[in-house]
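Have a look at the structure below before the remarks.
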Amino acid sequence: MMQYIKQNKKIIIFIFLIAILLFIQKIICPSIGYDTDQYLADPEETHRVWISHGRYALVFMSHFLGKLWMNLRIANILTCINIAIYTVLFLAFLNMLYENKDKKRDTIVAVLLISSPIFLEQYYFTLQAVEVSFSLILIMLAYIGTYYWIVEERKKYIVIVYGLLTFCFGVYQTHVVLYIIGVLMILIRVNHENHRENILVILRSVLVWGTSLVTYFVIKKIVEILMDIPDSGYLESQITWLSGSVTESCFMIMKSVGRVVFGIGHVLNLSYLICVIYVLWRIKKSDKTITWKNFYLLSFLIAPILLNIIMASRLLIRSVLGIPIACAVVFWKSWRESRYMRTLMIIVAVSQVVNGQLLLYADNIRYSNDVSIAEKIYRDCHADKSTVIVTKGIEKAEDNGFSFKGQTLGHSFFEWSNGMADAEETRIQYFMHLQGLDFKLPDEDQKQLINTIGFQGEYPEDGYTVEKDGCWYVNLGE
């Protein structure tokens, strides 16, 4: 690892520069997004939610950072630094595995990983971007540590990997799958066809992974008991197998996996499909179809979407963080094997850079428009901190100018509705509070009364606000 770092200082400098350039919009124009609003307004409640979700290490790191990240610019700069570091470690790991130097290939793979819209979606949540990006550094170190104890048989690294995994699982449960991807990368490279050796390596890897997972659940339960915070059942609620029928679960799997494979939406692209086709083509070209290496290759393709298969839930971008890592590996390995893959790799990298910048630009516009909407509502209601405001309907980002949406990027606070007809009032209050526009939330009777109000218009038309019994009612529109 250190040898790669010493021999590739120019690439490392480039990686840090490209990370800053691709995130420059977030650094210069930091914006408040969903969940970040709640954290800024009520950090202790957010910490309780995280603990109830099993993310105790996320809370630990948040306390360690203190109020440092409350400055969103500093948080985004720290995130950029972490991204650059884990990208360097990732490339060092790949070069440890294969030892075939190519600076141009490494540079393009770095751009692929850093510019991935999947990671951009994850870092939309500025409230945890520093912590999650730092945990990816630890995952890369776990990859390297696993290489040392599997390939070089340096058994002391087992303890280090165990500690790293236990901590990372407490940051984000997606890391459970990310480690599997790393182990498969090593197994593909080692490529023993001896059954006994393969089974032993798999059992050892599963033992370390499983022990870390069990330790994570034990610590999670201890923390919940000590802090008197019950488990929210968040993970269980995401598993359709537990709440829906087999047919519904299978449908959700096909829907989620189909979106990933065919790159549906502004966040996903065809890179995963390209890599699947390439790997399957390589397997078909091999002398024997049924081999341990081909088994590992197929497992490597499935691993990034493993959570979606196990949970059968709707596609959450944070559940497929392994996609850009897996694709980067395939593109990296195919660089010298296929000029078509080289061309596709460059095309994907360029498209991701453009797509990512559009997503960030659209979210900046969304934020500016949200501030304008909040100020207009507050002004038109002649509001102060004692005013009760009730909202009805939603105001979409695309109703106020340029819009380019991801799963969370680009969505207005005035349209977050969790599938309901009306925007979530609490989220609007959090957001307006952060703009210094405080008001009171309505009681149940006031909420119900809005359905009887005869509005003369909808935002931003005249007549979109109505005052009754000291309470202001706002019609955002359909």
Expected output: side-chain Ser334 to main-chain Phe331 donor-acceptor under 3.5 Å
yes
Take Tyr216 and Tyr56 through the ring-ring contact (aromatic ring centres under 6.0 Å, His included) test and state the conclusion after the steps.
CA-CA 9 Å; Tyr216 155 72; Tyr56 58 82; 5.7 Å; yes
For Leu72, is there any backbone N or O sitting under 3.5 Å from a side-chain donor or acceptor partner on Asn76?
yes
Look at Lys405 together with Glu415 and state whether they make a salt bridge at an N to O cut-off of under 4.0 Å.
yes
So if I apply the side-chain contact (heavy atoms from CB on, under 4.5 Å) rule between Trp209 and each of Val161, Val176, Val214, which one comes out positive?
Val176
Do other residues, nucleotides or ligands put more than 12 heavy atoms under 6.0 Å from Tyr148 OH?
yes
Flag for Ser286-Asn294: side-chain donor and acceptor within less than 3.5 Å
yes
Mind running ring-ring contact (aromatic ring centres under 6.0 Å, His included) on Tyr39 and Phe125 for me, showing each step along the way?
CA-CA 10 Å; Tyr39 189 95; Phe125 298 100; over 10 Å; no
Residue pair Met341 / Val330, side-chain heavy-atom distance below 4.5 Å
yes
So, Asn369 side chain and Asn400 main chain: donor-acceptor pair closer than 3.5 Å or not?
yes
Measure the CZ-OG1 distance between Arg339 and Thr343 for me, rounded to the nearest 0.5 Å.
7.0 Å
Quick one, Leu207 and Tyr162 - any side-chain contact, counting heavy atoms below 4.5 Å?
no
Any donor-acceptor N or O pair under 3.5 Å, side chains Tyr278, Glu337:
yes
Side chains of Tyr4 and Asp106: donor-acceptor distance under 3.5 Å anywhere?
yes
Mind checking whether Ile181 and Tyr143 have side chains closer than 4.5 Å, heavy atoms only?
yes
Output yes when a side-chain donor or acceptor of Ser62 lies under 3.5 Å from a complementary backbone atom of Leu58, and no otherwise.
no
Strictly by modelled atom types, are Gln128 and Tyr172 linked by a side-chain donor-acceptor pair under 3.5 Å?
yes
Once side chain to side chain donor-acceptor pair (under 3.5 Å) is applied, do any residues pair with Gln7, and if so which ones, sequence neighbours excluded?
Lys101
Are Arg342 and Met345 side-chain neighbours, meaning at least one heavy-atom pair lies under 4.5 Å?
no
Are any of the side-chain heavy atoms of Glu131 and Phe60 separated by less than 4.5 Å?
no
Phe16 atom CZ, neighbour heavy-atom count above 12 within 6.0 Å
yes
Side-chain donor-acceptor contact under 3.5 Å, Gln38 with Glu45
no
Can you find a pair of side-chain heavy atoms, one from Leu164 and one from Tyr179, that are under 4.5 Å apart?
no
Could you check if a side-chain atom of Leu136 sits within less than 4.5 angstrom of a side-chain atom of Leu178, using non-hydrogen atoms only?
yes
Determine whether a donor-acceptor pair (N or O, by modelled atom type, separation under 3.5 Å) exists between the side chain of Asn308 and the backbone of Leu306.
no
Taking atom CG as the centre, does Leu226 end up with more than 12 heavy-atom neighbours from other residues, nucleotides or ligands that are less than 6.0 angstrom away?
yes
Is it true that, when you exclude Glu152 itself, more than 12 heavy atoms of the residues, nucleotides or ligands shown sit nearer than 6.0 Å to its CD?
yes
Under 6.0 Å between ring centres: does that hold for Tyr98 and Trp332?
yes
Cation over ring face, Arg427 and Phe413, 6.0 Å, 45°:
no
With no hydrogens and no angle check, is any side-chain donor or acceptor of Glu121 less than 3.5 Å from a backbone partner on Val267?
no
Considering only NZ, NE, NH1 and NH2 on the basic side and carboxylate oxygens on the acidic side, decide whether Arg48 and Glu44 come within less than 4.0 Å.
no
Sidechain-backbone polar pair: Ser256 side chain, Met252 backbone, donor-acceptor under 3.5 Å:
yes
Under 4.5 Å between any side-chain heavy atoms of Phe404 and Leu409, yes or no?
no
Side chains of Asn198 and Tyr296: any donor to acceptor distance under 3.5 Å?
yes
d(Arg189 CZ, Lys333 NZ) to nearest 0.5 Å is 8.0 Å
Just checking, is any N or O donor in the side chain of Ser116 or Gln352 under 3.5 Å from an acceptor N or O on the other one?
no
For side-chain hydrogen bond (donor to acceptor under 3.5 Å, both in side chains), just list the numbers for Ser417 and Glu424, CA-CA rounded to whole Å, side-chain angles, deciding distance to a tenth of an Å, and then say yes or no.
CA-CA 5 Å; Ser417 63; Glu424 194 176 343; over 6 Å; no
Compute the ring centroids of Trp50 and His53, then answer whether they are less than 6.0 Å apart.
no
Heavy-atom nearest pair, Leu138 first then Cys168, reads CB-SG, 3.5 Å
Would you find more than 12 non-hydrogen atoms of other residues, nucleotides or ligands less than 6.0 Å from Phe262 atom CZ?
no
Decide side-chain contact (heavy atoms from CB on, under 4.5 Å) for Asn82 and Tyr123; before the verdict, give the C-alpha distance in whole Å, the side-chain angles of both, and the deciding distance to 0.1 Å.
CA-CA 12 Å; Asn82 288 340; Tyr123 300 137; over 6 Å; no
If we ignore hydrogens and angles and just use 3.5 Å, is the side chain of Asn8 paired with the main-chain N or O of Ile11 as donor and acceptor?
no
Let me know which of Leu273, Ile317, Ile305 forms a side-chain contact (heavy atoms from CB on, under 4.5 Å) with Val260.
Ile305
Quick one: do Arg366 and Asp363 make a salt bridge, cutoff under 4.0 Å?
yes
As a quick check of understanding, evaluate ring-ring contact (aromatic ring centres under 6.0 Å, His included) for Tyr34 and His411, giving each step before the final call.
CA-CA 9 Å; Tyr34 192 80; His411 290 260; 9.6 Å; no
